[in-house]
K.L.:
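I have a structure here, written as structure tokens, and I will follow up with some questions on it.
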Amino acid sequence: MDSKITRQIRPILGVLLMLTILTGIAYPIAVTAIARLAFPKKSIGSLMKANGKPIGSELIGQPFTSPGYFWSRPSACDYNGTSSSGSNLGPTNDDLTSVVLSRVEFLRAAGPDKESRVPVDLVTASGSGLDPHISPAAANYQVERIARERGIPAAKIRELIAIHIQGRTFGLLGEPRVNVLQLNLSLDSLIAK
Amino acid sequence: MTSNSILQVLLYIGAVLALAKPLGNWMANVYEGRKTLLGPLLNPVEHGIYRLAGIDPEKGMTWKSYATAFIWFSMAGLALLYLQLRVQGMLPLNPAHFSAVPAFTAFNVAASFSTNTNWQSYGGESTMSYLTQMLGLGTQNFTSAAAGLAVLVALIRGFVRRETHDIGNFWVDLVRGTVHILLPLAVVFALFLVSQGVVQTFAPYQDVTTLDGGKTQTLALGPVASQVAIKQLGTNGGGFFNANSAHPFENPTPLSNFFEMLALILLPAALCHTFGRMVGDTRQGWLLLAVMTMLLVIPICLGLWVEQRGNPRFAEIGLNQAVTEASGKDALTAMAGGNMEGKESRFGITNSVIWSVATTAASNGSVNSMHDSFTPLGGLLPMWMMQLGEVVFGGVGSGLYGMLVFVIVAVFVAGLMVGRTPEYLGKKIGAYEMKMASLVILIPPALVLVCCAIAVVTPAALAARSNPGAHGFSQVLYAFSSMGNNNGSAFGGLGANAPFYNLIGGLAMLMARFWLALPVLAIAGSLARKKFVPPSPGTLPTHNLLFGVMLTAVVVGVGALTFLPALALGPIVEHLALYH
């Protein structure tokens with residue numbers, strides 16, 4: 001009897017143990033080792049540094065509130081890098097309509113342009129709460145405000161946006177977009193010159 | 001739909017279909033024990049496991065032994081994962097110092113990952129240590145997918161083999177699927193993902209100082225790429241982070257997004273060809289793939305249309321939701337437009353919608369946008385894809401065995417129409433097969449509707465809704481459609497990390513997995529014992545357009561009739577309210 005039970009249990013535990021070692025330990029360690037050698041920067045978060053200190057990741061959005069900076073999209077987690085999340089507000093939820101309306105009013109109050117329609121991505125929360133991008137139209141919408149705050153011509157800022165537009169991959173995949181942190185960094189270096 | 005979105009859909013479907021044949025052939029070779037390209041490298045690993053676990057790979061099993069091995073293996077995995085979650089705080093590789101996962105949550109997680117569901121009532125980066133992710137969840141991602149593959153292969157053998165009790169050896173099928181198929185694909189895919197910016201490190205969370213205001217932002221890191229690769233390939237779907245593949249560290253670029261979308265449907269699509277190869281008539285496999293593809297493309301197109309139209313309430317408060325294609329001098333006016341709440345800028349409407357339909361057609365359940373914030377009809381589509389029973393591509397293995405059960409029913413209905421004994425691939429379909437097939441088709445809708453009904457009369461369950469009105473009901477219906485069909489995607493606003501959902505949902509996931517796999521294996525055993533009936537002029541051909549229409553009608557008919565009343569109370573009412 002005992003040997004029969006052993007005969008049945010051994011494959012269950014044996015295979016589970018072997019596959020755990022193979023897929024749960026060897027696999028992630030091997031991938032990490034290769035990734036570290038082949039992609040040393042990307043494997044640890046595509047960090048950007050200034051004076052040797054990490055100031056952000058190319059891939060992770062940051063909150064911007066000063067009127068002299070381009071603002072990122074609203075975030076349901078306030079750009080908290082340890083609790084990514086969307087708002088999960090439904091399309092008919094009155095809370096959604098009212099929070100979006102308040103963002104529209106805030107933007108219009110901050111910028112000189114009171115009439116034009118606001119690009120939808122600039123006032124809706126992203127899926128991750130960490131979206132590093134805005135659409136070119138959403139960047140363009142903020143130009144007048146930044147020109148006024150920084151005292152530089154709007155045309156110059158538009159040139160800067162145009163340089164930072166990332167098009168579709170192969171002209172086909174994804175959407176055109178602008179990385180807000182990188183755009184703001186070059187905005188700062190524009191002043192420095 | 002824009003011209004760009006049509007091109008992206010065509011490229012996606014084209015890539016899936018182009019890869020189905022070579023990958024399908026490769027998997028057939030693996031399961032039939034033929035030579036493969038990677039064989040010399042991987043055979044020693046495979047046979048080493050047999051030796052250490054005391055398995056005789058030549059020994060066949062009856063369907064009952066096969067089912068016993070499948071269930072005990074899954075239960076052992078569940079128990080081990082539960083244990084690990086409960087003692088997480090005492091184990092190494094826990095740089096964020098997470099303590100034990102609470103009991104109800106741990107049960108739900110263990111049930112979820114061992115059944116290839118990957119429903120997540122927790123947020124990964126705020127709950128799970130690196131060790132839990134890779135050793136606990138990662139292992140189950142591989143083994144639950146390989147176990148699903150094994151059950152499918154056993155069913156195929158039921159059609160192929162004649163007058164035998166032997167439907168193969170579960171351990172061999174399990175080990176081969178893991179070692180020869182999932183592991184090599186995952187290694188290559190994980191490294192590709194790192195090349196796009198998906199993180200892969202054991203270093204602790206990274207602090208950075210933000211540009212505006214100099215505040216500290218802590219970036220969650222971890223061995224993410226290795227996890228994302230298998231969660232997509234194995235139709236698991238459980239994200240490393242709470243935001244799943246919307247998180248830039250899980251899915252940073254349009255290219256990573258394209259391949260993650262491809263990966264989540266690749267194996268279920270290729271298995272159709274594997275099936276055709278193994279039964280000796282590839283037309284049978286292509287017919288199933290054609291039906292699945294059609295049932296995928298139509299909802300994608302509908303979804304693109306409704307999501308790109310945007311939210312009518314936003315138009316009233318001064319938003320611009322129009323898609324603007326622009327380049328050159330006008331490039332500054334470009335925007336994706338549409339309903340962007342819960343969607344990422346780099347993916348826009350097109351990539352979010354393709355993903356939402358594909359991830360629920362295949363029983364993957366990962367997301368790159370928040371389905372809860374989709375327009376009512378945009379959210380109805382992924383919900384209905386799950387309610388079809390996860391047979392349109394479906395899970396790795398489980399999708400095709402579910403579809404083959406629908407084939408049996410379609411053949412039976414056709415047989416009734418012409419007054420002949422139904423047969424499929426030379427095997428007569430008898431009363432026993434029909435009884436088992438009926439169980440497979442009836443159990444998931446029963447689970448979904450009964451659990452949903454219990455939830456809407458339970459105050460604790462209703463309190464978890466985060467949206468008012470019809471949308472709140474949709475959240476509950478979506479949750480049980482997901483768990484009752486082993487999908488795992490969610491309307492994320494539902495506060496599902498509560499004892500009610502963790503317990504009832506956990507049980508629903510276990511029932512959906514095992515109460516379906518058991519009758520499928522019973523069918524396999526019964527078919528394998530039967531004689532082969534050579535085709536006669538009166539045999540219904542099962543590889544032509546007529547049968548394709550018949551099969552589609554059965555799948556859609558069952559799905560629509562069962563769920564239309566429930567859908568009417570949720571997304572349909574909400575749609576009418578939105579557009580008065």
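Predicted, not measured: the structure shown is a model, and the values here were computed from it.
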K.L.:
Would you call Leu319(B) and Val120(A) a side-chain contact if the rule is heavy atoms closer than 4.5 Å?
P.N.:
yes

K.L.:
Are Ser345(B) and Asp131(A) close enough that a side-chain donor and a side-chain acceptor fall under 3.5 Å?
P.N.:
yes

K.L.:
Considering only heavy atoms and a distance below 4.5 Å, find which of Ile55(B), Leu137(B), Ile317(B), Asp207(B) pairs most often with chain A.
P.N.:
Ile317(B)

K.L.:
Side chain, backbone, both or neither: which part of Ala76(B) has a heavy atom under 4.5 Å from chain A?
P.N.:
both

K.L.:
For Ala336(B), is it the side chain, the backbone, both, or neither that has a heavy atom closer than 4.5 Å to a heavy atom of chain A?
P.N.:
both

K.L.:
Answer with side chain, backbone, both or neither: which region of Ala35(A) has an atom nearer than 4.5 Å to a non-hydrogen atom of chain B?
P.N.:
both

K.L.:
Side-chain donor-acceptor pair under 3.5 Å between Asp212(B) and Ser66(A), yes or no?
P.N.:
yes

K.L.:
Heavy-atom distances under 4.5 Å only: say whether Phe170(A) touches chain B with side chain, backbone, both or neither.
P.N.:
side chain

K.L.:
Given that the side chain runs from C-beta out, which part of His247(B) has a heavy atom under 4.5 Å from chain A: side chain, backbone, both or neither?
P.N.:
both

K.L.:
Where on Arg10(A) is there a heavy atom nearer than 4.5 Å to chain B: the side chain, the backbone, both, or neither?
P.N.:
both

K.L.:
Among side-chain atoms of Glu574(B) and Thr92(A), is any donor-acceptor pair under 3.5 angstrom?
P.N.:
yes

K.L.:
What part of Asn257(B) gets within 4.5 angstrom of chain A, counting heavy atoms only: side chain, backbone, both, or neither?
P.N.:
neither

K.L.:
Measuring heavy-atom distances to chain A, does Phe170(B) have an atom under 4.5 Å in its side chain, in its backbone, in both, or in neither?
P.N.:
neither

K.L.:
Check the pair Arg73(A), Glu341(B) against salt bridge (charged side-chain N to carboxylate O under 4.0 Å, His left out), reporting the backbone distance first and the verdict last.
P.N.:
CA-CA 10 Å; Arg73(A) 297 182 63 188; Glu341(B) 180 70 28; over 6 Å; no

K.L.:
Heavy-atom cut-off 4.5 Å, strictly under: side chain, backbone, both or neither for Leu130(A) against chain B?
P.N.:
both

K.L.:
Pick one of side chain, backbone, both or neither for Trp72(B), based on which atoms fall under 4.5 Å of a heavy atom in chain A.
P.N.:
both

K.L.:
Taking C-beta and beyond as the side chain, do Met134(B) and Thr23(A) meet within less than 4.5 Å on heavy atoms?
P.N.:
no

K.L.:
Could you tell me if the side chain of Pro248(B) sits less than 4.5 Å from the side chain of Ser128(A), heavy atoms only?
P.N.:
yes

K.L.:
With the side chain counted from C-beta on, respond yes when Gln475(B) and Asn88(A) share a heavy-atom pair under 4.5 Å apart, and no when they do not.
P.N.:
no

K.L.:
Quick check on Gln133(B) against chain A: is it the side chain, the backbone, both or neither that has a heavy atom closer than 4.5 Å?
P.N.:
neither

K.L.:
Could you look at Tyr27(A) and say if it's the side chain, the backbone, both or neither that has a heavy atom under 4.5 Å from chain B?
P.N.:
side chain

K.L.:
Using heavy-atom distances under 4.5 Å, tell me whether Ile21(A) contacts chain B through its side chain, its backbone, both, or neither.
P.N.:
neither

K.L.:
I'd like to know if the side chain of Ser83(A) pairs up with that of Glu125(B) as donor and acceptor (distance under 3.5 Å, no hydrogens or angles considered).
P.N.:
no

K.L.:
Quick one: does any side-chain atom of Ser373(B) pair with a main-chain N or O of Leu89(A) as donor and acceptor, under 3.5 Å?
P.N.:
yes

K.L.:
Where on Thr178(B) is there a heavy atom nearer than 4.5 Å to chain A: the side chain, the backbone, both, or neither?
P.N.:
side chain

K.L.:
Checking heavy atoms, do the side chain of Val104(A), its backbone, both or neither come under 4.5 Å from chain B?
P.N.:
side chain

K.L.:
Hydrogens and angles aside, do Thr210(B) and Gln62(A) bring a side-chain donor and acceptor to less than 3.5 Å of each other?
P.N.:
no

K.L.:
Return the minimal non-hydrogen interatomic distance between Arg346(B) and Pro132(A), and the atom names on each side.
P.N.:
NH1-CD, 4.1 Å

K.L.:
Shorter than 4.5 Å, heavy atoms on both sides: which option in Lys343(B), Gln196(B), Gln321(B) has the most such pairs with chain A?
P.N.:
Lys343(B)

K.L.:
Where does Ala315(B) contact chain A at under 4.5 Å (heavy atoms): side chain, backbone, both or neither?
P.N.:
both

K.L.:
Looking at Ala331(B), Gly338(B), Ala229(B), Ser195(B), which makes the most heavy-atom pairs under 4.5 Å with chain A?
P.N.:
Ser195(B)

K.L.:
Please answer whether the main-chain N or O of Tyr79(A) pairs with a side-chain N or O of Gln217(B) as donor and acceptor at a distance below 3.5 Å.
P.N.:
yes

K.L.:
Checking heavy atoms, do the side chain of Leu494(B), its backbone, both or neither come under 4.5 Å from chain A?
P.N.:
neither

K.L.:
Does the salt bridge (charged side-chain N to carboxylate O under 4.0 Å, His left out) test come out yes or no for Arg313(B) and Asp94(A), once each step is laid out?
P.N.:
CA-CA 10 Å; Arg313(B) 293 194 176 180; Asp94(A) 290 336; 3.1 Å; yes

